[in-house]
Amino acid sequence: MEPKIQSKSWNHEIEKEILSRWEQDDIYRFAITDKPAFVIDTPPPYPSGRPWHIGAAAHYAQIDMIARTARMTGRNVLFPIGIDRNGLPVEIYTEKKYKVRMRQMDRQKFLDLCRGALDDLEAEMLQIMKNMGLSGNFKEYYRTDSDEYRALTQSTFIELWNRGLVYLANRPNNYCPDCGTTIADAEIIYNDLPTKLVYMKFKVSGSDDQIIIASTRPELLCSCQAVIVNPEDERYLDYQDRKVILPLFNREVPVKFHHSAKMEFGSGAVMVCSYGDQNDVQVFRELGLKEIVALNENGFTTEAAGPYAGLRVNQARTKVIEDLKAAGFVEKEENIMHRTPLCERSKTPIEIIPLHDYYVKQLDFIPQLHEMSKNLKFHPEMHRQILLNWLDSIAIDWPVSRRRFYGTEIPIWYCNSCKSPLLPNPGRYYRPWKEDPPFSNCQKCGGTEFTGEDRTFDTWMDSSISPLFVTKFCRNEELHSYTYPTAVRPQAKDIIRTWLHYTMLRCVQLTGKLPWSEAWIMGYGVDEKGEKMSKSKGNVIDPFPVIQQYGADTFRFWSASEANLGYDFRCSEQRIAGAQKFMSKLWNVGRFLSSFDVVSDRPSELEASDRWILAELAKLVEECRRGYDEYNFFVPANAVRDFAWNLFAAHYVEMVKGRAYNQASPGHASALYTLHKCFKTILLLLAPIAPFITEELWTKMYSDKTIHHQDLPHFNQLDVDGEMTRFTTPITEFNSLVWNKKKETVSKETGKPLSLKDPIDIPVPDQLAPFRKDLEEMHNLQK
RNA sequence: GGAUGGGUAGUCUAGCCUGGUUAGGAUACCUGUCUCACACACAGGUGGUCGAGAGUUCGAAUCUCUCCCCAUCCA
């Protein structure tokens, strides 16, 4: 009766051995077969260095559970692993690390520094992903800055260009003076920042009246082209189309009615400048005003600012306020908190200035995206609304050009004589800023001199074709048609309006098809107070040391048992430790059962207790299946833990110990069969969640083949009498009753409460007659 | 201001869609126990006006309405 398993607790150091075994046997390889393909459009993580985010690690653990669930339900799974390496974060990281300025050094040297930095960060990232037990395709992991990836980004852009879906426009756009580039609406965040609200006196032309105008942007006075008031504001009814005179600049501008003027803000009259905010842009457009460019691309005031030209925004503001005061144009100043648009990356206030940028058409596609999104299944359904709200709020096409370096180059050359933009043929990776064009004559004018475009794409241009890249679009027709559209896009809910939306847009434009059939949206990992983790709050928990201390399976099981589908989940180390206890319990149940022979064939007659637990087991399997069907691992994780610990180990195992130990007992085989049947099922049900410990127990106890090529159990495969579950409550209550009695009874010999093995005289109720023998032996019930 | 989700014992959470026994569980706390797998365990216990109010109903944590509070996203 020696257990096959010796060690008394689950040692997660074993995970490393198991990992290398899996790697050697290459158990997750993917090839085209006649089974249905199941492709996961894995989010490629950005290697931004430590600390990583525990919520992100949990996210990847769960994506792996999706992959394992699909594999164990008969699908041919392609689980790509990629690393996102384009964009601002690495540029900022590199500038800091090497104390350099991107625009003040050789472009190629800067790119080389970035690449080196990414390589180091990436290695660490891949290692942790592997250690977490991700069953992805690490052998062929991809990078979004590889020639192959960038060539696809460029090819798809050229395709859109040729179809007229790209245009160049000069229009007011969000501009980050610090990053020196255009940014999309989706990249803006808003913070309340302290600022001065200045109440300025505007003289009404041809009268002694004056209008008070409150503004947080007095430095933009020079670009003011109108003053607007609300048409319902009785204070200004008489002023429509009259002129007011700009203080300091002595220029006349008209007073107009516009519904966007808020009566309760300041004096109710608003000056409209080009451009203080998005509302100014709208008013300029609607009223047909002529814009005056007050700020240039470096964030300095222009000639239009007259005496205030050539200053930074803040300097200009200070000086304008001083002069306004000196000339008696200021009624008062207030210190207020103002909701200020900031660049998501650099946290610099953005400016709105007219810029030449390339736009990808998206407005025309919104009705189609609306319609097609109806065929996209959301897990959970409630997060569909985030996408719909975003689609409804999109007001402009997508500006895709960026004045940055570490990104995919926009593949355009300009003819020096006729200035026409010329695009190369799709297929390879182009770097116009350093390469000669692949043509020698301008198609328009025959010119022979060209200038390469030096801008790059918005990184979402790269990210938004991930489902095309991983299915080898344009590169392997056979594989692409087998794998596209893909099965599922797993992602976090905060990038629905960027990644999810842009991917739908681009894939629909390029293939006419929705790129996936399901979107699986995970909530945030939040801190112990329920607040979102962020580096600025300083409440980020790094997953590295946690995984190192507790092991991958504990971390994974914690993540599954804590995060209900789509809901935010709390990250607390105490609860991770709680998950570890279950790993230990599972291990010990296995250790105990490993001392009994495995009976795989079902005996013709099963004892009542055995039929009872099998009925409960069937219920468990059904519930777990329900969870797995919608990739909600919260359900199986908690259901299996509850069953294994509180029913199977606590009650059933104790009830059948007698029969299990006694080989002469008539119910011996029935007990051994049922014990192992239950435990095998528990292991299979947990395999997608905790792949290491289940593999170890499975291969030690039941098979020399991996558990991860098994199928998830089906409840109708278990031949059970569902009626038996009616005994569950009476059985657990009777057991409690006996335990209570023993505790209350003081032993005459020891003076302590009775030990659980001491005899006691309690009759088994008639209702539980079928279980009488097992219960009597379990509790040592004697007359 | 708008949208989404949530408010259940000290803390966390299930149940709510499909109203019905003493509102499950975890953790913490208290008490006891080494009982032939497990003290990372076992047994027992304290602790709840299910955010507030109203309505529907024989009956509401669950359905309806109003309000308050929290989180996240968007103006």
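Letters A, B, ... are given to chains in the order of the sequence lines, protein chains preceding strands, and every chain is numbered from 1.
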Nearest-nucleotide pick for [X], side chain only, options being [options]:
X         : options                   : value
Asp568(A) : rA26(B), rG5(B), rA71(B)  : rA71(B)
Lys743(A) : rA37(B), rU31(B), rC40(B) : rU31(B)
Met382(A) : rU13(B), rA43(B), rG5(B)  : rG5(B)
Asn389(A) : rA37(B), rC40(B), rA3(B)  : rA3(B)
Ser9(A)   : rU72(B), rU13(B), rC40(B) : rC40(B)
Ala650(A) : rA43(B), rC12(B), rA37(B) : rA43(B)
Val653(A) : rG25(B), rG5(B), rA37(B)  : rA37(B)
Arg339(A) : rC40(B), rA75(B), rA37(B) : rA75(B)

Mind checking the [atom1] distance from [N] to [M]? Whole angstroms is fine.
N       : M       : atom1 : value
rA37(B) : rU18(B) : C1'   : 42 Å
rG59(B) : rA23(B) : C1'   : 16 Å
rG7(B)  : rC17(B) : P     : 14 Å
rU31(B) : rU56(B) : C1'   : 47 Å
rC38(B) : rU33(B) : C1'   : 15 Å
rC65(B) : rG1(B)  : C1'   : 22 Å
rG51(B) : rC42(B) : P     : 32 Å
rU21(B) : rU11(B) : C1'   : 29 Å

At 4.0 Å (heavy atoms only), tell me whether [X] reaches a base, stays on the sugar-phosphate, or touches nothing.
X         : value
Lys757(A) : sugar-phosphate
Lys752(A) : sugar-phosphate
Ser736(A) : sugar-phosphate
Asn564(A) : sugar-phosphate
Phe582(A) : nothing
Glu654(A) : base
Ala577(A) : nothing

Between [N] and [X], is there an OP1 or OP2 to side-chain N/O distance shorter than 4.0 Å?
X         : N       : value
Lys742(A) : rU33(B) : no
Lys262(A) : rG1(B)  : no
Tyr524(A) : rU72(B) : no

**Study point:** Atom NZ of Lys657(A) with >12 non-hydrogen neighbours under 6.0 angstrom
**Key:**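 For Lys657(A), atom NZ is crowded (more than 12 foreign heavy atoms under 6.0 Å).
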**Study point:** Greater than 12 external heavy atoms within 6.0 Å of Asp597(A)'s CG
**Key:**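 Count not over threshold, so no.
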Exercise for review: May I ask you to decide if the ring planes of His501(A) and Trp390(A) are parallel, tilted or perpendicular, using 30° and 60° as cut-offs?
Suggested key: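 It falls in the perpendicular class, over 60°.
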Check your understanding: Would you call the rings of Trp10(A) and Trp587(A) parallel, tilted or perpendicular if under 30° counts as parallel and over 60° as perpendicular?
Key ->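 Ring orientation, 0 to 90° scale: tilted.
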Practice item. Select from Glu562(A) and Glu733(A) the residue whose nearest nucleotide in RNA chain B is closer to the 5' end of that strand. Key: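 On the 5' side of the pair lies Glu562(A).
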Review point. Start at the 5' end of RNA chain B and walk down; is the nucleotide closest to Ser755(A) or to Trp739(A) reached first?
Key: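 Of the two residues, Ser755(A) wins.
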For [N], the Watson-Crick or wobble partner whose two distances fall under 3.5 Å:
N       : result
rU21(B) : none
rC63(B) : rG55(B)
rC34(B) : none
rC73(B) : rG2(B)

Interatomic distance where [atom1] belongs to [X] and [atom2] belongs to [N] [whole Å]:
X         : N       : atom1 : atom2 : answer
Glu623(A) : rA14(B) : CD    : P     : 14 Å
Arg641(A) : rC40(B) : CZ    : P     : 18 Å
Leu756(A) : rA39(B) : CG    : P     : 15 Å
Glu573(A) : rA28(B) : CD    : C1'   : 16 Å
Arg575(A) : rA26(B) : CZ    : P     : 11 Å
Leu391(A) : rA3(B)  : CG    : C1'   : 14 Å
Lys585(A) : rA39(B) : NZ    : C1'   : 11 Å
Trp10(A)  : rA41(B) : CH2   : P     : 17 Å

Review point. Do the side chain of Gln6(A) and the base of rA37(B) come within less than 3.5 angstrom through a donor-acceptor pair of N or O atoms?
Key: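 Between rA37(B) and Gln6(A), which were checked side chain against base, a qualifying N/O pair under 3.5 Å is absent.
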Check your understanding: Looking only at N and O atoms, is any donor in the side chain of Lys8(A) or the base of rC38(B) less than 3.5 Å from an acceptor on the other one?
Key ->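 Counting by modelled atom types and ignoring angles, no donor-acceptor contact under 3.5 Å is found here.
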Point to revise | Check: His370(A) and Leu388(A) side chains under 4.5 Å, non-hydrogen atoms | key: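 Yes, at least one pair of side-chain atoms sits under 4.5 Å.
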**Study point:** Student check: side-chain heavy atoms of Pro341(A) and Asn174(A) closer than 4.5 Å
**Key:**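 Pro341(A) vs Asn174(A): side chains apart.
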Practice item. Would you confirm whether the ring centroid of Trp52(A) sits within less than 6.0 angstrom of the ring centroid of His59(A)? Key: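 No, they do not, as the ring centres are separated by 6.0 Å or more.
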Check your understanding: How far apart are the closest heavy atoms of His379(A) and Glu630(A), and which atoms are they?
Key ->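 In terms of heavy atoms, the two residues are closest at ND1-O, 3.5 Å.
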Review point. So which heavy atom on Ala552(A) is nearest to which on Glu15(A), and how close?
Key: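 Answer, listing the atom of Ala552(A) first, then Glu15(A): N-OE1, 2.8 Å.
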